[in-house]
Structure formats: structure tokens, C-alpha cells
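By convention in this document, chain letters (A, B, ...) are assigned in the order of the sequence lines, proteins followed by strands, and residues within each chain are numbered from 1.
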Amino acid sequence: MYWLVKSEPDTFSIQDLAGMPDQTEHWDGVRNYQARNFMRDEMRKGDKVLFYHSNTKPPGVVGVCSVVREGYPDHTAWDPESTYFDPKSSPENPRWFMVDIQLQEVLPQYVSLDAMKQNPALEGMRLLQKGNRLSVLPVQEREFREILRMGGLHIS
DNA sequence: GCCAACGTTGGC
DNA sequence: GCCAACGTTGGC
């Protein structure tokens, strides 16, 4: 499957991911049940993931990653010092899950939200639907390919 | 900084 | 189970 994950670059940017060992990081801090279910139940090793910068100007897709570890408990929920602490989650009964993603490529060209809205081929894309706030969401293969094309990548 | 569109919480 | 109040997301 294909996915899109959002991150505020001030919090964790694609450059931050590029600087991690193996260019890999766990996708912690997701505290939305729908997004959790995607990570816990549906994201599979090898799935491709678009990396999206939100809350920045302009917002848009900046790179491609892949899932390298499937859903496992988000330990930041157990850490009282963490901003993501949730007392209702425990190691015995974890409430929140995460996956590991590895950077594949930074797009040669930034694909802005506005450019995606302007592209008729992406009409109906979940990301573009009004009021959508999900930080982890599925993307159709044809949408994924179109965004890579817009970003200047031409891989299979 | 504003605010629309959510999602969550908790009293009843 | 309803729904008002509150909190968060994220574009603008």
C-alpha cells in the first residue's frame, strides 16, 4: 500500500530524518485512533510513504520513505517527561503504536499543497478533502505516482 | 494569530 | 447514549 505522513518541520523535518542513523526513525507521537489503526494494523514492511510538511509555508510533499518496521507500541506514551505522555497507555496494555520509516529520496522538486489542488489528476485525494486532519493516511497508487512525477522522480 | 473542522471528554 | 464544552490540527 501507499501512505502519506504529516510532520511539522519545526518538530521533525525530512532533513532531520536524513540525519538519523540509517536515515530511519520511529514515527512516534501519533495520538489519533484512526491514524493509530493504520500504523498498527495496515502498514506493511516495504510500503511506500510520502513525507509531508504541514504547518509551514507552503505545506507540501517533500520526500519518499518506506516502512522498515511494522506497528509496535509507542513507548513515548509511557514517559511522563514526554510531551506525548498518556497515562492511559502502559507496556502491558499499549494504547498507541508506531512504525519505523526510512528515507528513500528527497524529491528534487517540492510538491506544494497548492500544486496538488491544482492538479485534476489528484481530484478526490484524501489529503485534499476538506477538514482532513489525519496525520497518517492512505494514498492511492495512481496518486502516489502522480505526486512522484510532480516531484521530479520517475521510478517504476 | 485566526478559526473551521474535526475528535475527545464527561455530566447527565 | 446524547451533546456541550473543550482541545487539537493545520491552512490561511
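With a 4.5 Å cut-off between side-chain heavy atoms of Ile, Leu, Val, Met, Phe, Trp and Tyr, the cluster of Val68(A) takes in none.
Contacts of Phe38(A) classified as ring-ring contact (aromatic ring centres under 6.0 Å, His included), with partners at least two apart in sequence or in another chain: Trp3(A). Under the ring-ring contact (aromatic ring centres under 6.0 Å, His included) criterion, Tyr84(A) pairs with no residue at all, not counting sequence neighbours.
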Which side-chain N or O atoms in residues 52-62 of chain A pair as donor and acceptor under 3.5 Å with protein atoms at least two apart or in another chain?
from, atom 1, to, atom 2, distance (Å)
His53(A), NE2, Ile14(A), N, 3.1
Asn55(A), ND2, Glu8(A), OE2, 3.2

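For DNA chain B, the outermost nucleotides in 5' to 3' order that have an atom under 4.0 Å from a heavy atom of chain A are dA5(B) to dT9(B).
When each of Lys88(A) and Asn55(A) is assigned the nucleotide of DNA chain B with its nearest heavy atom, Asn55(A) is the one assigned upstream, toward the 5' end.
For the ring pair (Phe, Tyr, Trp, His ring centres under 6.0 Å) condition, no pair includes a residue of residues 98-132 of chain A, sequence neighbours left out.
Backbone-only contact: Lys6(A) has heavy atoms under 4.0 Å from sugar-phosphate atoms and none from a base.
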